[in-house]
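Quick caveat, the model's predicted, so the values are computed rather than measured. In each ligand, atom 1 is the first atom listed, and ligand 1 is the first ligand listed.
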Amino acid sequence: MITAAEHEQLLDAARQAVARAYAPYSNFYVGAAILTSEGRIFTGCNVENASYGLTICAERSAIFTAVQQTSGKLVLRAVAVVNRDRVACSPCGACRQVIAEFGRDIVVIFQGQNGFQESTIADLLPETFRLS
Ligand code: THU
């Protein structure tokens with residue numbers, strides 16, 4: 001669960017991150033912001049490459065930055081994702097798996113067909129792969 005203020009704060013941060021996106025191939029610019037259990041916010045953007053498969057999504061970009069900047073285990077409370085075109089866009093399967101690594105009750109905020117919606121990562125990725 002997150003508060004309405006946290007919801008808005010994350011969307012604001014994600015919108016700022018879109019400006020950094022590097023997406024000359026798809027022209028689909030994405031920003032993400034994540035809220036950690038310590039109350040910190042990290043952002044990320046998609047970074048594409050001429051070798052298309054090397055592209056990283058905004059959500060994983062934000063999470064990998066947070067891992068690098070966090071001592072101890074990273075636990076996430078929420079992830080927000082926005083795109084410059086304001087079209088419906090939920091996290092891809094790869095990002096869902098990576099998000100699920102960092103908490104079971106993570107709230108995911110994304111653009112749906114009718115505005116932003118919230119789901120839990122458990123709802124977005126049932127039967128998550130885990131090693132333990
Ligand atoms: N993309 C993201 O960054 N996050 C998503 O949730 C969906 C897709 C990026 C990857 C690629 O750079 C572009 O959007 C088009 O697929």
Check this for me, if you would: do Arg130 and Glu101 make a salt bridge, where the nitrogen-to-carboxylate-oxygen distance has to be below 4.0 angstrom? no
Does atom CZ of Arg20 have more than 12 heavy-atom neighbours, drawn from other residues, nucleotides or ligands, at distances under 6.0 Å? no
Hphob cluster co-occupancy, Ile63 + Leu35, side-chain heavy atoms under 4.5 angstrom: no
With sequence neighbours excluded, tell me which residues meet ring-ring contact (aromatic ring centres under 6.0 Å, His included) with Tyr22. none
Check: Tyr52 ring centre within less than 6.0 Å of Tyr25 ring centre: yes
Looking at side-chain heavy atoms only, is the closest gap between Ile2 and Ile109 below 4.5 Å? yes
Strictly under 4.0 angstrom, heavy-atom based: which residues surround ligand 1? Ser26, Phe28, Val30, Asn46, Glu48, Thr55, Cys57, Ala58, Glu59, Cys89, Ser90, Pro91, Cys92
